[in-house]
Amino acid sequence: NTAPYYQSGYGLVAYFPFDVNHSDNNLSYDFTKFGYDANVTNATWMNDSCVYDGCYRFDSTYNDFLDFDIDHTFSNLESHTIMTWIRVDEFPDPGADESHVEIIGSSGQEGLFIGSDGDIDVFDDTSSICTTTAAMPANQWFHVAITGNDTGDAFMDSHIYINGSLVTFCTGDGIAWGNAINRIGKDFDGDLDEIMIFNHSLSVTEIAAIYNNQSPRFNSSGEQGFGN
């Protein structure tokens, strides 16, 4: 891992900015100290029309995806945050038994998904447990964050944020994490940029701060840090 950035605080355990093309060795680097570099299968790296610098384009026709081995496996009802920028080319086709496809998730179909109606979903064990009512636009970048907050009483609350604002709150419905997060973009048609995974449920203020401050922070060179 030759990442020029560093991260501290916020419980960041994986960060894929996709700023540099590493397709020569089929890797996309994790820019944290943990080095969970992702293997690239067919996905196309681009450096135009992205949110910041580079991004990856996924095409379900060619089975594009990224996979990685993350040592940090979220245990049952462990707090977490998953966030990314998304631009959809084509929504899933429910007629092809693809009413939802994975954006960032596990082999057990847990994580962040998008539906055929443009809905953003939290999936646990192949089922949607929390969803947005408003449809996301096609061919337009938007920022998504999902959080799971351990309530301490054998339940977990889920939150979905769009462009830095809380849009959906589900009480008592959270990801049990029977499997490790290990895939990006499986069966997805579109572009992804700036993927972050935290072992902490970020607050409304923290998520808004990351969304509102990404442009100057990620366009600058040198070291990068998150404050506590």
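Because the structure is a prediction, the values reported are computed rather than measured. Numbers here simply count residues along the sequence, with the first being 1.
Ring orientation note: the planes of F58 and Y56 are tilted relative to one another, at an angle of 30° to 60°. Ring geometry, H143 versus Y211: the interplanar angle falls from 30° to 60°, so the pair is classed tilted. Aromatic ring pairs are classed by plane angle as parallel below 30°, tilted from 30° to 60° and perpendicular above 60°; the pair F68 and F16 is tilted.
With contacts defined as side-chain heavy-atom distances shorter than 4.5 Å, the pair L112/I120 qualifies. Residues H200 and S79 have side chains not in contact (no heavy-atom distance under 4.5 Å, counting atoms from C-beta outward). Side-chain contact check for D30 versus Y15: some heavy-atom pair is nearer than 4.5 Å. The side-chain heavy atoms of I86 and L192, taken from C-beta on, include a pair separated by under 4.5 Å. Residues F188 and V88 are in side-chain contact: their nearest non-hydrogen atoms beyond the backbone lie under 4.5 Å apart. Using a 4.5 Å heavy-atom threshold, the side chains of E110 and V122 count as separate. Side-chain contact between D53 and N47: absent, with no pair of heavy atoms (C-beta onward) separated by less than 4.5 Å. Between I114 and H100 there is no side-chain heavy-atom pair separated by less than 4.5 Å.
Shown here for L66 and S28, the closest heavy-atom pair between the two residues is CD2-CB, 3.9 Å. Contact detail for S128 and D121: the closest heavy-atom pair is OG-OD2, 2.7 Å. Of all heavy-atom pairs between S201 and G148, the closest is CB-O, 3.4 Å. The nearest pair of heavy atoms linking L166 to I160 is CD1-O, 3.6 Å. The two residues F34 and L12 make their nearest non-hydrogen contact at CE1-O, 3.5 Å. For L202 against Y161, the heavy-atom pair with the smallest separation is O-OH, 4.2 Å.
Scored by the side-chain hydrogen bond (donor to acceptor under 3.5 Å, both in side chains) test, S158 finds no partners at all (sequence neighbours excluded). Looking at residues two or more places apart in sequence or on another chain, you find a side-chain contact (heavy atoms from CB on, under 4.5 Å) between S60 and D189. Taking R57 as the reference, D191 meet the side-chain hydrogen bond (donor to acceptor under 3.5 Å, both in side chains) condition, with sequence neighbours excluded. Judged as a side-chain hydrogen bond (donor to acceptor under 3.5 Å, both in side chains), and not counting sequence neighbours, the contacts of D59 are T61. Among residues two or more places apart in sequence or in another chain, the side-chain hydrogen bond (donor to acceptor under 3.5 Å, both in side chains) test is passed with N39 by D67.
T32 places no side-chain N or O within 3.5 Å of a backbone atom of A14 that could act as its donor or acceptor partner. At distances below 3.5 Å, at least one donor-acceptor pair connects side-chain atoms of D193 with backbone N or O atoms of V51.
Taking CG of D89 as the reference point, atom CG of N139 lies at 6.0 Å (rounded to 0.5 Å). Between atom CD of residue E194 and atom OG1 of residue T84 there is a gap of 8.0 Å, rounded to the nearest 0.5 Å. A distance of 10.5 Å separates CD1 of I146 from CD1 of I162, quoted to the nearest 0.5 Å.
F123 forms part of a hydrophobic cluster together with F113, judged by ILVMFWY side-chain heavy-atom separations under 4.5 Å.
Under a hydrophobic-cluster definition in which Ile, Leu, Val, Met, Phe, Trp and Tyr are linked whenever side-chain heavy atoms come within less than 4.5 Å, directly or via other members, F65 and W45 are assigned to different clusters.
For Y62, the OH atom counts as loosely surrounded, since its 6.0 Å shell holds 12 or fewer non-hydrogen atoms of other residues, nucleotides or ligands.
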